[in-house]
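Everything below concerns the one structure shown next.
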Amino acid sequence: MSLLRIDDVTQQFGGLAAVKGVSLEIRRGELCGLIGPNGAGKTTLFNGVSGFLSPTRGRIHFDGEDVTGKAPHALAARGLVRTFQGARVFPKLTIRESLRIAGHLPHGRGARRQPVIADVMQEFGFEKYADEPGASLPSGVMRELGIAMAIATGAIMLLLDEPAAGLSAEEVANLQRVIRHVHAAGVTVWVIEHNLHFLMGLVDRAVVLDAGALIADGPPREITQDPRVIEAYLGAEAAHAAG
């Protein structure tokens, strides 16, 4: 059963179409990746789905409702929450204070409970940094805090935009553990990532954009062997060699 449905979405900026007629579904409980070369339209698509842009054409349905053009805070209240490239935390607030603020988002429906902050702290292993201000946290912990704050809102679907960018190998491994934990707890996850090794070892399905259009959708092993995907990343010559 689909939790998110995108129907023929186009995002136009003047004469440039950054997203071109994309249609796809993300099933409830899925852990899915979104990949593509630079400029493929990945973040633009996320911006449209999460309410930071209103699609030029097409419709977006979430949890059975048409949410096209809804504001980000309205979508978050319904359980659709996103993170951004790079860590965005309250620099002067502690982890405990940040999670408490996130947990006070008014819920649109009663299906989700207000999370117990102590539980989130323990699940993410934040006890060591509980009273540290956000600005002093290691970069990997900042990324994890962004995810934890999204979960604290009562999210049922999480959009992650390049969460592993700039992290060390150890921090990437910790981040994989955190995302798997969130997914195992019942949250649907859709993640953009340029680190293909990280992503392909994490997701069960990958969606590929190139020049704003959907070019592939399937299991990671099949995606990495698809000539269209190879061409998008490496050029036609490499795709021909792979074929």
Side-chain angles (χ1 to χ4, degrees), residues 4 6 9 11 13 18-19 22 26 31-55 60 62 67 69-95 97-99 101-105 120 124 126 129 133-168 171-172 174-176 178-179 181-183 187-196 198-199 202-203 206-207 209 212:
L4 176 70
I6 300 169
V9 163
Q11 192 70 58
F13 299 103
V19 175
V22 170
I26 305 295
L31 177 49
C32 183
L34 175 59
I35 66 173
N38 288 333
K42 303 181 297 297
T43 294
T44 302
L45 180 60
F46 261 29
N47 285 342
V49 170
S50 56
F52 289 88
L53 290 172
S54 184
I60 297 168
F62 176 70
V67 296
K70 295 286 186 183
H73 70 273
L75 294 174
R78 286 176 165 81
L80 177 61
V81 183
R82 70 163 294 177
T83 66
F84 294 84
Q85 296 177 15
R88 295 194 180 186
V89 299
F90 298 114
K92 295 183 179 180
L93 299 185
T94 67
I95 286 181
E97 291 167 339
S98 295
L99 290 173
I101 288 174
H104 276 85
L105 179 76
V120 178
F124 280 79
F126 286 153
Y129 303 101
S136 70
L137 297 172
S139 56
V141 177
M142 282 189 185
R143 298 287 172 82
E144 293 173 17
L145 176 57
I147 295 173
M149 289 172 63
I151 296 305
T153 68
I156 60 175
M157 182 170 185
L158 189 57
L159 309 184
L160 303 177
D161 194 349
E162 295 193 42
L167 300 185
S168 68
E171 289 170 332
V172 166
N174 286 336
L175 182 64
Q176 280 186 319
V178 165
I179 294 174
H181 174 80
V182 167
H183 177 245
V187 178
T188 303
V189 181
W190 194 17
V191 53
I192 295 174
E193 188 51 65
H194 280 291
N195 184 335
L196 295 186
F198 163 83
L199 192 69
L202 179 69
V203 303
V207 176
L209 292 184

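Residues take their numbers from the sequence shown, with the count starting at 1. This one's a predicted model, so the numbers in the text were calculated from it and none came from an experiment. Every heavy atom of this structure was used, including side-chain atoms; hydrogens, water molecules and symmetry mates were not.
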With a 4.5 Å limit on heavy-atom distance, are the side chains of Arg143 and Thr83 in contact? no
Would you indicate whether the side-chain heavy atoms of Ile156 and Phe62 approach each other to under 4.5 Å? yes
How long is the straight-line distance from CG of Leu45 back to OG1 of Thr43, given to the nearest 0.5 Å? 9.5 Å
Quick one: does Ile95's side chain get under 4.5 Å of Leu137's, heavy atoms only? yes
According to ring pair (Phe, Tyr, Trp, His ring centres under 6.0 Å), who are the partners of Phe46, at least two apart in sequence or on a separate chain? Trp190
Any donor-acceptor N/O pair, Lys92 side chain to Ala135 backbone, under 3.5 Å: no
Close side-chain approach of Leu99 to Met149, heavy-atom, < 4.5 Å: yes
Considering only heavy atoms from C-beta outward, does the side chain of Leu53 approach that of Phe13 to under 4.5 Å? yes
Tell me every residue that passes side-chain hydrogen bond (donor to acceptor under 3.5 Å, both in side chains) with Asn174, counting only those two or more places apart in sequence or in another chain. none
Within-4.5 Å side-chain heavy-atom neighbours: Leu160 and Glu193: no
Partners meeting side-chain hydrogen bond (donor to acceptor under 3.5 Å, both in side chains) with Glu171 (sequence neighbours left out): Ser139, Ser168
Strictly distance-based, threshold 3.5 Å: is any side-chain N or O of Glu162 a donor or acceptor partner for the main-chain N or O of His194? no
Are Leu175 and Ile179 side-chain neighbours, meaning at least one heavy-atom pair lies under 4.5 Å? yes
